[in-house]
Every structure is written in C-alpha cells, then in structure tokens.
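What follows is a single structure, written as structure tokens, with notes after it.
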Amino acid sequence: ENIGFYLMQLFEESQQQGERFVYPDADSFKDIPETFHALVDNTYYDVSVQKHTDYIWFTFNFGNPSPRDENLTNINTGEKKDNPRKDIETELLKQLFCFYHYAKKILYLSNSKKQGLFKTVLKEKLDRDYTVKSFFKTKEEFMELIKSIEEISFTEARNLFNLNSKERQA
C-alpha cells in the first residue's frame, strides 16, 4: 500500500527581533512531548513524536465519537447486539503523518486538509504561532523539476477510457 505526502513550507513565529516568521529548527521542538493527546473540533488525536537531529516525525491517530450506531451487526449472521461503545469513546481508525526536515526546510503532510490541525497543535504545545504554506514555483523552477523526474506512476480509474464510459464523454 502506498502513502502520499504533500510538500509544504513550515514557518514559526520568530522569538527574535527582525523577521516575524522563520523556518523552525530542532531547537524549536525541544519542548514538545514524545506523546500527548489533543481534542480539536470534537475529534480526539493521539500523537506520538520522534525527534532526530535532521528531522521530526509526528504520527496522529484519530477518531470521532460520532457517528455511533446504537447496534453492532454480525456480518456473517446479520444478528444485532447493543453497541458497547459509549458516546464519549472513539475508535482511532484514521491517521495523519507529518515529517519536517530541518535542512531542506520542507514539511511533508499526508493530508493537506489537516494543516490547520497541525498548526493548532503546535501552537498549543509550543505557545507560538505557526504557518503552513504551499510551495509555489515559477515556470523555470517547474521546468527544472520536470527535468529531474526519474519515474512517473499512474493510478487506474475504472472505465475512464472505455468508449461507453460516461467519464470519457464528459
């Protein structure tokens, strides 16, 4: 199974006079605990952090207490029974990975829609503002990037190029 990452820029609020935001370094994360949890927008996040000299890695396992069905169904028999999970419990079935490389100054996010959550958690744990931005390239930078590609992979979309396909006719 493959996992993809979005390449982003990460900036922290500067503690020095001069620039308002700077790239974080290993010292920026020295006070973040190795494990912690956060409750953001009624979603529970169980977070583990691995600090290395070149990078920092965050793993978020998360879930939401709702929706919660009152019953569980046995998939073999169809038999129903009461769901023992309480309204304040959740299953941590979703994940987010965040990897920040200090020298390259690149943040890799497995879900770009969670960048707001990542900023919120960093602010809560480190008591300063963070900004996450997408990379924007000039035409020349994009052309250089294209020249450096060694491999391209494609994802199959069923019936995309079939003559009778609705997607093809669109």
Are the side chain of His52 and the backbone of Tyr55 linked by a donor-acceptor contact shorter than 3.5 Å?
no
Just by distance, with hydrogens left out, do Ser28 and Glu12 show a side-chain donor and acceptor under 3.5 Å apart?
yes
Counting distance only, does the side-chain N/O of Asp82 pair as donor-acceptor with the main-chain N or O of Asn71 below 3.5 Å?
no
How are the rings of Phe58 and Phe29 set to each other: parallel, tilted or perpendicular (split at 30° and 60°)?
perpendicular
Is it true that Thr90 and Asn64 share a donor-acceptor pair across their side chains at a distance under 3.5 Å?
no
To the nearest 0.5 Å, what is the distance between CD on Gln95 and OG on Ser110?
8.0 Å
Step-by-step ring-ring contact (aromatic ring centres under 6.0 Å, His included) determination, His37 to Tyr45:
CA-CA 5 Å; His37 69 270; Tyr45 296 89; over 10 Å; no
For the atom pair CG (Leu39) and CD (Glu124), what is the distance rounded to the nearest 0.5 Å?
9.5 Å
Nearest 0.5 Å, please: how far is SG in Cys98 from CZ in Phe5?
8.5 Å
The reported gap from CE in Met8 to CG in Leu107 (rounded to nearest 0.5 angstrom) is 7.0 Å
Got a sec: does the NZ of Lys125 have more than 12 other heavy atoms crowding it under 6.0 Å?
yes
Residues passing the ring-ring contact (aromatic ring centres under 6.0 Å, His included) test with Phe97, sequence neighbours excluded, are Trp57
Are Val47 and Phe62 side-chain neighbours, meaning at least one heavy-atom pair lies under 4.5 Å?
no
Evaluate the side-chain proximity of Glu70 to Arg68: yes if any heavy-atom separation is below 4.5 Å, no if none is.
yes
Can you tell me how far CG of Asn111 sits from CG of Leu96, rounded to the nearest 0.5 angstrom?
6.5 Å
Using a cut-off of 6.0 Å, state whether more than 12 heavy atoms not belonging to Asp127 lie near its atom CG.
no
Measure from the side-chain N and O atoms of Arg85 to the backbone N and O of Pro65, and report whether any donor-acceptor pair falls under 3.5 Å.
yes
Does any N or O in the side chain of Thr73 come within less than 3.5 Å of the main-chain N or O of Ile75, such that one atom is a donor and the other an acceptor?
no
Heavy-atom donor-acceptor pair, Arg128 side chain to Leu122 backbone, under 3.5 Å:
no
May I ask you to check if Lys105 and Tyr100 form a cation-pi contact, with NZ or CZ under 6.0 angstrom from the six-membered ring centre and within 45° of the axis?
no
Is there side-chain contact between Thr131 and Leu10, with heavy atoms separated by less than 4.5 Å?
no
Examine the side chains of Lys113 and Tyr6 and answer whether a donor and an acceptor come within less than 3.5 Å of each other.
no
Set out, in order, the CA-CA distance, both residues' side-chain angles and the distance that settles side chain to side chain contact (heavy atoms under 4.5 Å, CB included) for Phe60 and Val121, then state yes or no.
CA-CA 11 Å; Phe60 292 72; Val121 167; 4.1 Å; yes
Spacing of CD belonging to Gln50 relative to CZ belonging to Phe99, to within rounding of 0.5 Å
10.5 Å
Gln9: which residues meet the side chain to side chain contact (heavy atoms under 4.5 Å, CB included) condition with it, sequence neighbours left out?
Phe11, Tyr23, Lys133, Phe135
